[in-house]
Asker: 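Following this message is one structure expressed as structure tokens.
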There are 2 protein chains.
Amino acid sequence: MREVLARVGDKWSILIVMNLSDGPLRFSELQRTIDGISQRMLTLTLRGLERDGFVSRTVYPTNPPKVEYALTPLGDSLRCPVNALGDWVQKNLAAIEESRRAFDGEKVAAAE
Amino acid sequence: MREVLARVGDKWSILIVMNLSDGPLRFSELQRTIDGISQRMLTLTLRGLERDGFVSRTVYPTNPPKVEYALTPLGDSLRCPVNALGDWVQKNLAAIEESRRAFDGEKVAAAE
DNA sequence: CAGCATCCCAACCGATACTG
DNA sequence: CAGTATCGGTTGGGATGCTG
């Protein structure tokens, strides 16, 4: 359970799932789309998602090689609760940031 | 946005919010309930949740000291999307674990 | 009881270089 | 193009000891 939450809660995992929701993408397309992810992390995260059955990996034995990643039905079903969480964050982001400012402000005041 | 997801997606944060959903708890009660969390991580995570406005911290100046942690309305509203995610994991846990076994099995087979 | 400070090891992750 | 391998800095987090 914790392991699964670790996968799901992972920053890159979520971004990859989001980006695949519109259709399959190639390795390099993902890397270009996600912005900030290193090749290493993309590989590692994709392997993890594949292992958990969230994405499928299809190799086209052409030259140059071409590999497509797509959401499985399981991965697709994950989008729903994840989107709910994303929506919640967007709705409450302002409140959270204000709370942070207030909290940090107190600390400064207390330090003086 | 990523920072918030980091908070929310954090393993301990979720567990704490879950455990507080039935009512306020003291520091030591949380530590006993959560099982596996170190004092350090409990303190740190609670501070983070407090900073983000998800939990409130109430000190009773008794002897011995008593500190109660409770969900704020904001923290309480977070339970809804988080529970949705938790339910999803529970529902699909079997499928995920089987996928893992299959994946790991392939690797072993390929190595031989 | 609640919690801060310190030390210290392990895991993570980015950068780089190399292969089929 | 789509990776694997390796190195090194950074961070996470446990263990311990000390305070109000």
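All values below come from the heavy atoms of this structure, side chains included, with hydrogens, waters and symmetry mates left out.
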Asker: Below 4.5 Å, heavy atoms only, C-beta onward: do B:Phe103 and A:Asp52 meet side chain to side chain?
Answerer: no

Asker: Check the distance between C:dA11's C1' and B:Met41's CE and give it to me in whole angstrom.
Answerer: 14 Å

Asker: For B:Glu50 and C:dG3, what is the distance between atoms CD and P respectively, to the nearest whole Å?
Answerer: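 It works out to 9 Å between those atoms.
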
Asker: Show your reasoning for whether side-chain contact (heavy atoms from CB on, under 4.5 Å) applies to B:Val17 and B:Val82.
Answerer: CA-CA 9 Å; B:Val17 169; B:Val82 165; 5.7 Å; no

Asker: Under 4.0 Å from OP1 or OP2 of D:dA2: is there any side-chain N or O of A:Arg26 that close?
Answerer: yes

Asker: Looking at A:Ser28, I'd like to know whether one of its side-chain N or O atoms comes within less than 4.0 Å of OP1 or OP2 on D:dA2.
Answerer: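 Result: yes.
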
Asker: How many Å lie between CG on B:Asn63 and C1' on D:dG20, as a whole number?
Answerer: 10 Å

Asker: Tell me: CD of B:Gln31 to P of C:dC1, nearest whole Å?
Answerer: 10 Å

Asker: Got a donor-acceptor pair under 3.5 Å from the side chain of B:Gln39 to the base of C:dC4?
Answerer: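 It does, because a donor-acceptor pair links the side chain of B:Gln39 to the base of C:dC4 below 3.5 Å.
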
Asker: Check whether any side-chain N or O of B:Arg40 sits under 4.0 Å from OP1 or OP2 of C:dT6, and answer yes or no.
Answerer: no

Asker: Quick check: on DNA chain C, is the nucleotide nearest A:Ile37 upstream (toward 5') of the one nearest B:Pro65, or the reverse? Name the residue that is more 5'.
Answerer: B:Pro65

Asker: Measure CZ/A:Arg57 against P/D:dT4 and give the value in whole Å, please.
Answerer: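 One finds 7 Å between P of D:dT4 and CZ of A:Arg57, rounded.
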
Asker: Taking the nucleotide of DNA chain D with the closest heavy atom to each, which residue, A:Leu46 or B:Gly36, is nearer the 5' end?
Answerer: A:Leu46

Asker: Would you mind reading off the distance between A:Tyr60 atom OH and D:dG3 atom P, rounded to a whole angstrom?
Answerer: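 In whole Å, D:dG3 P and A:Tyr60 OH are 13 Å from each other.
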
Asker: Identify which nucleotide among D:dG14, D:dT4, D:dA2 has an atom closest to any side-chain atom of B:Trp12, counting heavy atoms from C-beta outward.
Answerer: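 The answer is D:dG14.
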
Asker: Rounded to whole angstrom units, what separation is found between the NZ atom of B:Lys66 and the C1' atom of C:dC1?
Answerer: 12 Å

Asker: For a quick test of reading the model: is some side-chain N or O of A:Arg47 closer than 4.0 Å to OP1 or OP2 of D:dT4?
Answerer: yes

Asker: Can you check whether A:Leu74 reaches A:Phe54 side chain to side chain, under 4.5 Å on heavy atoms?
Answerer: yes

Asker: Taking the side chain as everything from C-beta on, heavy atoms only, tell me whether A:Thr58 gets closer than 4.5 Å to A:Lys66.
Answerer: no

Asker: Please report the distance, rounded to the nearest Å, between CG in B:Asp10 and P in C:dC12.
Answerer: 14 Å

Asker: So do A:Arg7 and A:Thr45 actually touch side chain to side chain, heavy atoms under 4.5 Å?
Answerer: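 Side chain of A:Thr45 against side chain of A:Arg7, heavy atoms only: contact under 4.5 Å found.
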
Asker: Looking at C:dC4, C:dG14, D:dC1, which one has an atom nearest to any side-chain atom of A:Ser38?
Answerer: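 Per side-chain heavy atoms of A:Ser38, the pick is C:dG14.
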
Asker: Can you check whether A:Tyr69 has a side-chain N or O nearer than 4.0 Å to OP1 or OP2 of D:dC1?
Answerer: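 For D:dC1, neither OP1 nor OP2 has a side-chain N or O of A:Tyr69 closer than 4.0 Å.
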
